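In what follows, a structure is listed as structure tokens, so that the remarks can point back to it.
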Amino acid sequence: MKRNNKEGALFPKCARLLASADYRRVTGPGRKGVSPHFLLFVRFEPAIHEPRLGMTVSRKVGNAVVRNRVKRVIREFFRLNRVRFDPSLECVVISRPRAGRTANTVLTQSLTQLFLPYGSPKSE
RNA sequence: AGAGUGGGCCGGGUGGCCGCUGGUGUGGGUGUUUUCACCCCACUGGAGGAAAGUCCGGGCUCCAUUAAGCAAGACGCCGGGUAACGCCCGGCGGGGGUAACCCCAGGGACAGUGCCACAGAAAGCAAACCGCCGGACAGCAGGCUUCCGGUAAGGGUGAAAGGGUGCGGUAAGAGCGCACCGCGUUUCUCCGGUAACGGAGACGGCAUGGUAAACCCCGUCUGGAGCAAGACCAAAUAGGGAAACGUUUCAGGGCUGCUCGCCCAGUUUCCGGGUAGGUCGCAUGAGGUGUCUGGUAACAGGCAUCCCAGAUGAAUGGUCACCAAUCGGCCUCUUUUGGCUGAGAACAGAACCCGGCUUACAGGCCCACUCUUUUU
RNA sequence: CGGGGUGUAGCGCAGUCUGGUAGCGCAUCGGUUUUGGGAACCGAGGGCCGGAGGUUCGAAUCCUCUCACCCCGA
């Protein structure tokens, strides 16, 4: 599993949490962050070599179009900032109902604030 | 020109950069090897008219099953279309609109049961409160009171009071008789129509109130579950079955106190069920487009041509620039117009697949028709 | 994918099966009582019964469609 450090910010399948067990492991006791629009669960897994993301957007956030929009904003944020995170980072973002009524730029700012403690300072 | 009715169509576009996902590749890399997994590269596909709600009908899969019946539910004018339908098309009847046109669960109320509040004398085999008319007895001045009988024209109640109008008739009245209108068809005949039904005539002579989206009767239809169906592969842990070991050394319990033997337990190997997880099902189909033929139409058939999403913690996006319809604000102007600036869509996201129905929807385009006004 | 429930006054609920008067508690307003307030007592206001259509003389109630919310099962 080779790390591709090209200029382009990719988001391949191995950078996502895919199994239900992964979600249970990350959303268990651990570090958390809160914003008006999201909840963030974080866990560091030394065995992996690149940061991984999972997300949960429930039906209370909105209809299918709204939920897809929120998930795309989260994925896009993670894709563009992936190289700045710790390689052993595993995180799960859970949307709160308010996120469905919020503009994309505001959601991106909210995510930036949440992930600030986990980004590598030397990449700034 | 204005107002309106019906039907059909579209659902922003172009380009740059960064991404996601299916397919293809004697492509490249990593995992010890691989047809496997992951990553990269190139080429090429990648949401809708409703993908929605899940209200019906099918295909498909598994289970059950002789047929039929019972129960339950749905449907219900006639004819046709369809794989099927509660859908669609064409008629009929009823209702609404000046009209184009729109709406209707539209079988049966002499098979039976129930209900019809309040008001009213009376609400269901009709009956008689106030009245109207006749007769009788008694009282008193007329006429009234009481009793008996005949009535349903008039009054009043109600959604509904057992045909309507007129003439005759009568003590007063009444389909009691007649004319016209209406009603009936489970009374008959004729004509048109496949039929629903329509038209005409005879007959009946007001009998037959409403409600079946009250129970019900009649006819038709329906076996159950649903792709998390179903088929296959199969980790860890626990448990099940089978075989072998137990010679030597330490080795548990039981059959007996001991030996042998047997059983349980133990160790090893194998087997099957099966969870997490994975693969298939999984997109060539009642398919799309064009054209011809039949049919008023729904639709059917022939020929040609095309392959057009397949995710699974769930892809089809983000950002920048320009253009476009439209809308808001400001300035100029009598208005038209012109200029600047801002917003720049709406409803909404495939999840096994089709046929419908219903609901949501910014803005725009096309066709046909109706009414009104003006001009010729 | 399948199944069920709720919507009635500002809030919480009856009434729907079996059609005809919309009611209860808290809250609100006015009055009595008190030096004043609370409590208590007396009285009043407030609803097109989630929406649309239909059946019926008449619909919160029956039927159809629809909207929103909630809860189960796989």
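Per chain, numbering begins at 1; letters A, B, ... match sequence-line order. Please read all numbers here as calculations on a predicted model, not as lab measurements.
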Measuring only the C1' atom in each nucleotide, how far is B:rC306 from B:rC92? A whole number of Å is fine.
46 Å
Looking only at side-chain N and O atoms, does A:Arg75 come under 4.0 Å of OP1 or OP2 in B:rA314?
yes
Counting only Watson-Crick or G-U wobble pairs whose two distances fall under 3.5 Å, which nucleotide matches B:rA141?
none
Among B:rA47, B:rC18, B:rG313, which nucleotide has an atom closest to any side-chain atom of A:Arg79?
B:rC18
From A:Asn81 CG over to A:Leu53 CG, what is the distance, rounded to the nearest 0.5 angstrom?
11.5 Å
Between B:rG53 and B:rA321, how far is it from one C1' atom to the other, in whole Å?
41 Å
Go ahead and name the base partner of B:rC147; Watson-Crick or wobble counts if both distances stay under 3.5 Å, otherwise write none.
B:rG135
Within this structure, what is the CG-to-P distance between A:Leu111 and B:rG318, rounded to whole angstrom?
16 Å
Anti or syn - B:rA283, cut at 90° from 0:
syn
For RNA chain B, whose closest nucleotide is more 5', that of A:Val66 or that of A:Thr56?
A:Thr56
Opposite nucleotide pairing with B:rA346, Watson-Crick or G-U, both atom distances under 3.5 Å:
none
Give a yes/no answer on whether the side chain of A:Asn68 brings an N or O atom under 4.0 Å of OP1 or OP2 in B:rG317.
no
What integer number of Å spans the C1' atoms of B:rC148 and B:rA179?
40 Å
Whole-Å distance separating the CG atom of A:Leu80 from the P atom of B:rG317
17 Å
Measure from the side-chain heavy atoms of A:Cys14 and tell me the nearest of B:rG349, B:rC20, B:rC39.
B:rC39
Are A:Leu40 and A:Ile94 connected in a single hydrophobic cluster, I mean Ile/Leu/Val/Met/Phe/Trp/Tyr linked by side-chain heavy atoms less than 4.5 Å apart?
no
P atoms of B:rG28 and B:rA42, separation to the nearest Å
16 Å
Anti or syn, where syn is a glycosidic angle within 90° of 0; which label fits C:rG46?
anti
I'd like the C1' distance from B:rG302 over to B:rG295, given in whole Å.
16 Å
Rounded to the Å, how far apart are A:Arg72 CZ and B:rU21 C1'?
12 Å
For A:Arg25 and B:rG313, what is the distance between atoms CZ and P respectively, to the nearest whole Å?
16 Å
Side chain A:Arg67, main chain A:Gly62, donor-acceptor under 3.5 Å:
yes
Round to the nearest Å and state the distance from A:Leu107 atom CG to B:rU319 atom C1'.
16 Å
With a 4.0 Å cut-off on heavy atoms, is A:Phe11 in touch with a base, just the backbone sugar-phosphate, or nothing at all?
sugar-phosphate
I want to verify the glycosidic state of B:rG313; is it syn or anti under the 90° rule?
anti
So which nucleotide does B:rU305 pair with, by the Watson-Crick or G-U wobble rule with both distances under 3.5 Å?
B:rG288
Strictly by Watson-Crick or wobble contacts shorter than 3.5 Å, is anything paired with B:rG261, and which nucleotide is it?
B:rC255
Take the protein atom CZ of A:Arg59 and the nucleotide atom P of B:rA52, then report the distance between them rounded to whole Å.
15 Å
Taking the C1' atom of each, how far is B:rC307 from B:rU14, in whole Å?
28 Å
When you check the phosphate oxygens OP1 and OP2 of B:rG19, does a side-chain N or O of A:Lys13 lie under 4.0 Å from one of them?
no
Do A:Phe38 and A:Val70 pass the side-chain contact (heavy atoms from CB on, under 4.5 Å) test, and can you show the C-alpha distance, the side-chain angles, and the key distance before you say yes or no?
CA-CA 10 Å; A:Phe38 300 104; A:Val70 171; 4.2 Å; yes
Toward the 5' end of RNA chain B, which comes first, A:Gly54 or A:Thr105, by nearest nucleotide?
A:Gly54
Roughly how many Å apart are B:rC89 and B:rA117, using the C1' atom of each and rounding to a whole number?
47 Å
Would A:Val106 and A:His37 satisfy side-chain contact (heavy atoms from CB on, under 4.5 Å), going step by step from the backbone distance to the final call?
CA-CA 9 Å; A:Val106 178; A:His37 311 100; 4.1 Å; yes
Where does B:rC308 land, syn or anti, once you apply the within-90°-of-0 test for syn?
syn
Provide the distance between the two P atoms, one in C:rU6 and one in C:rC13, to the nearest whole Å.
12 Å
Rounding to a whole Å, what distance do you find between A:Arg67:CZ and B:rG313:C1'?
13 Å
Pick base, sugar-phosphate or nothing for A:Arg69, based on heavy-atom distances below 4.0 Å to the nucleic acid.
nothing
Rounded to the Å, how far apart are A:Arg16 CZ and B:rU312 C1'?
12 Å
For B:rG19, the Watson-Crick or wobble partner whose two distances fall under 3.5 Å:
none
Would you say the side chain of A:Ser95 lies within less than 4.5 Å of the side chain of A:Ile74, judging by non-hydrogen atoms?
yes
Tell me whether C:rA22 sits syn or anti, counting syn as a glycosidic angle within 90° of 0.
anti
Can A:Val34 be reached from A:Leu107 by stepping across I, L, V, M, F, W or Y side chains whose heavy atoms are under 4.5 Å apart?
no
Measure from the side chain of A:Asn63, starting at C-beta and using heavy atoms only, and say which of B:rC40, B:rG349, B:rA315 lies closest.
B:rG349
Applying side-chain contact (heavy atoms from CB on, under 4.5 Å), run through A:Arg31 and A:Tyr118 and close with a yes or a no.
CA-CA 11 Å; A:Arg31 306 185 63 178; A:Tyr118 310 107; 3.9 Å; yes
B:rG6: pairing nucleotide in any strand, Watson-Crick or G-U under 3.5 angstrom
B:rC367
Strand partner of B:rG184, provided both Watson-Crick or wobble distances fall under 3.5 Å:
B:rC203
